[in-house]
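Encoded as structure tokens, the structure appears first; notes follow it.
The figures here come from the full heavy-atom set of this structure, side chains too, leaving out hydrogens, waters and symmetry mates. What you see is a predicted model; the values in this text were computed from it and never measured. One-based numbering, in listed order, for ligands and for the atoms of each.
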Amino acid sequence: MASAPGSSVRVRFCPSPTGNPHVGLVRTALFNWAYARHRGGTFVFRIEDTDAARDSEESYGQLLDAMRWLGFDWDEGPAAFDSASGAGGGPHAPYRQSQRMDLYKDVAEKLLAAGHAYRCYCSQEELDTRREAARAAGKPSGYDGHCRDLSAARVEEYQAQGRTPIVRFRMPDETITFTDLVRGELTFTPENVPDYGIVRANGAPLYTLVNPVDDALMEITHVLRGEDLLSSTPRQIALYKALIELGIAKEIPSFGHLPYVMGEGNKKLSKRDPESSLNLYRERGFLPEGLLNYLSLLGWSLSADQDIFTMDEMVAAFDIADVNPNPARFDLKKCEAINADHIRLLDVKEFTERCRPWLRAPFAPWAPEDFDEAKWQRIAPHAQTRLKVLSEITDNVDFLFLAEPAVDEASWAKAMKEGSDALLATAREKLEAADWSSPEALKEAVLAAGEVHGLKLGKAQAPVRVAVTGRTVGLPLFESLEILGKDEALTRIDAALARLTA
Ligand code: GLU
Ligand code: ZN
């Protein structure tokens with residue numbers, strides 16, 4: 001870890017613990033993690049919790065849990081990646097900004113002393129009034145530099161009035177150009193980057209200060225983050241130059257801004273959109289590898305003809321220079337299709353285990369003691385090829401563990417037509433006489449019953465399926481019948497017949 005500056009890659013993922021983790025955040029974490037691993041570098045996990053009003057311990061816990069679930073092993077951070085192995089840490093600990101306040105205070109003092117920052121006494125009303133006037137005159141409406149060079153007398157007067165100043169960073173009067181790793185060369189002129197606040201009037205340091213200060217102190221070499229933060233980059237570069245002058249920073253990191261993720265109706269996917277909540281994807285039974293495979297495609301691709309790949313393959317290939325700057329569209333259908341492919345790629349045993357949460361409360365509608373492990377082991381391989389998300393397993397196998405099938409009324413109406421009672425009666429007879437050790441024989445029985453009533457297999461099996469499983473769609477019928485067993489299957493057909501003839 002102690003290597004010469006510049007020789008090794010250090011990237012960071014530094015979320016604020018507000019609300020639930022969302023997919024945009026996961027994409028940012030993914031690209032940082034993959035880049036660190038690709039370059040054999042260090043992945044730093046830092047918590048930006050300086051906003052006491054919005055940050056929460058619960059959200060912090062969710063972030064740790066999400067990172068572990070996703071498999072983003074970090075090298076330095078507030079806790080260990082493997083929760084069993086105890087506290088985290090690293091050479092730049094602590095990794096929670098709320099525990100680093102003294103450091104920021106110290107840096108702010110140094111910036112003030114060197115003239116890179118100054119105290120601004122303007123009240124909000126004064127700022128607003130002057131902004132309106134600038135707008136009306138067609139001039140840039142950012143902070144106008146009013147307090148840049150206050151005389152000692154002025155300062156005394158403001159203090160006598162009881163004003164409490166904020167600290168502002170003094171932007172140099174120069175054009176700032178940098179080469180974005182995703183977007184190429186970008187230029188910002190001074191009138192578009194006014195002096196900005198770095199410490200609140202109550203002494204609390206702002207994101208604008210703590211984020212670049214920590215990147216400097218933690219010797220971050222590459223800042224990869226969302227495009228929404230692009231406007232803070234010229235300010236941070238100017239701050240970095242001041243930090244280098246003060247001996248606090250070693251070098252300016254490289255920046256790469258990841259493309260926006262668009263949701264429905266071509267609007268930016270917001271963390272408030274329900275479909276962006278990571279918890280939702282976990283509850284629905286996305287595999288972490290499936291979700292990550294899909295999220296990697298939001299701005300990147302492995303190759304033109306390979307959509308499905310493992311995280312190892314991504315790590316081997318990922319370069320930030322290949323990220324596409326154009327907005328990426330979040331397509332839930334494609335996300336599900338990719339997840340389905342990853343479900344199919346699992347070893348059957350692994351699949352059987354990963355479904356467990358959806359076979360128990362609160363997801364499963366059957367009593368725990370009615371779950372039959374042997375039946376589950378037999379049905380699982382038939383289910384594996386049919387699921388988009390693991391939560392679908394519950395409805396697909398509930399007929400095996402419930403005392404009676406959960407009848408979907410729309411399915412009943414669709415399958416039970418005139419003559420269905422006669423058909424079911426014949427099917428029951430043929431099934432009664434069939435060899436129940438072979439799905440093939442059960443199929444022959446239903447086929448034969450259909451022939452008696454002039455129905456093809458598809459039409460003949462629909463009422464049987466609804467009688468036994470409660471639904472028109474599901475796992476292969478004859479395997480399902482075999483696993484359910486003769487007595488139970490015939491009892492269910494009898495119950496359906498009773499309902500039809502009642
Ligand atoms: N805490 C910031 C955020 O969540 C991080 C910004 C950055 O990556 O520089 O937006
Ligand atoms: Zn001012």
Side-chain angles (χ1 to χ4, degrees), residues 10-22 24-33 35 43-51 54-55 59-60 63 66 78 95-98 100 117-131 134 142-151 154-155 157-159 161 163-171 180-182 194-201 205-216 218 220-237 239-240 253-258 260 270-271 320:
R10 290 179 57 83
V11 301
R12 82 316 191 249
F13 173 57
C14 53
S16 298
T18 59
N20 303 326
H22 59 97
L25 202 69
V26 175
R27 199 266 315 253
T28 299
L30 171 61
F31 283 23
N32 277 285
W33 174 82
Y35 190 62
F43 181 50
V44 177
F45 180 29
R46 179 173 82 221
I47 299 293
E48 303 214 320
D49 56 350
T50 52
D51 188 346
R54 296 176 60 226
D55 301 329
S59 176
Y60 168 63
L63 278 169
Y95 290 88
R96 293 185 75 169
Q97 291 187 325
S98 55
R100 299 169 64 80
Y118 58 91
R119 294 196 167 84
C120 164
Y121 292 86
C122 299
S123 69
Q124 194 55 50
E125 296 76 59
E126 289 164 342
L127 292 172
D128 291 345
T129 311
R130 298 206 307 269
R131 181 180 302 121
Y143 183 69
D144 56 7
H146 180 271
C147 302
R148 274 191 149 198
D149 302 295
L150 295 179
S151 66
R154 245 314 157 66
V155 169
E157 183 190 321
Y158 283 150
Q159 281 173 345
Q161 290 169 1
R163 296 186 184 224
T164 46
I166 68 161
V167 178
R168 269 189 205 280
F169 184 74
R170 187 189 304 272
M171 283 296 293
D180 188 286
L181 298 166
V182 175
D195 297 349
Y196 59 95
I198 55 174
V199 180
R200 282 187 221 270
L206 288 161
Y207 157 79
T208 51
L209 178 70
V210 301
N211 173 277
V213 163
D214 277 347
D215 285 349
M218 295 180 181
I220 299 303
T221 58
H222 294 73
V223 170
L224 314 178
R225 57 184 178 189
E227 187 177 348
D228 51 318
L229 292 158
L230 184 54
S231 63
S232 60
T233 303
R235 307 182 202 166
Q236 295 188 349
I237 287 175
L239 177 58
Y240 251 101
S254 301
F255 290 87
H257 292 89
L258 311 176
Y260 281 120
S270 144
K271 55 183 162 204
I320 189 68

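Within the 4.0 Å heavy-atom criterion, the part of N211 lying near ligand 1 is the side chain and not the backbone.
The atoms of ligand 1 that sit less than 4.0 Å from any heavy atom of S16 are 1 (N), 4 (O). Near Y207, the atoms of ligand 1 lying under 4.0 angstrom from a non-hydrogen atom of the residue are 2 (C), 6 (C), 9 (O).
When the options T50, I198, V167 are evaluated for a side-chain contact (heavy atoms from CB on, under 4.5 Å) with L209, the one that passes is I198.
Inclusion of C120 in the first shell of the Zn ion (ligand 2) is supported: an N, O or S atom falls under 2.8 Å. At least one N, O or S atom of Y143, from either the backbone or the side chain, sits less than 2.8 Å from the Zn ion (ligand 2).
In the displayed structure, R119 atom CZ is contacted under 6.0 Å by at most 12 heavy atoms of other residues, nucleotides or ligands.
Looking from atom 8 (O) of ligand 1 to the surrounding protein, the closest heavy atom is R12 NH1, 2.9 Å. Scanning the protein heavy atoms around atom 10 (O) of ligand 1, the nearest turns out to be L229 CD1, 4.0 Å. If you check which protein heavy atom lies closest to atom 1 (N) of ligand 1, you get E48 OE1, 2.7 Å.
For the pair Y196 (side chain) and R235 (backbone), a donor-acceptor distance under 3.5 Å is present.
Note that CG of N211 and CZ of R225 are 6.0 Å apart. Values are rounded to the nearest 0.5 Å.
At least one cation-pi condition fails for R163 and Y121: the charged atom is not both under 6.0 angstrom from the six-membered ring centre and inside a 45 degree cone around its axis. Taking the ring axis of Y143 as reference, the NZ or CZ atom of R168 stays within 45° of it and closer than 6.0 Å to the ring centre.
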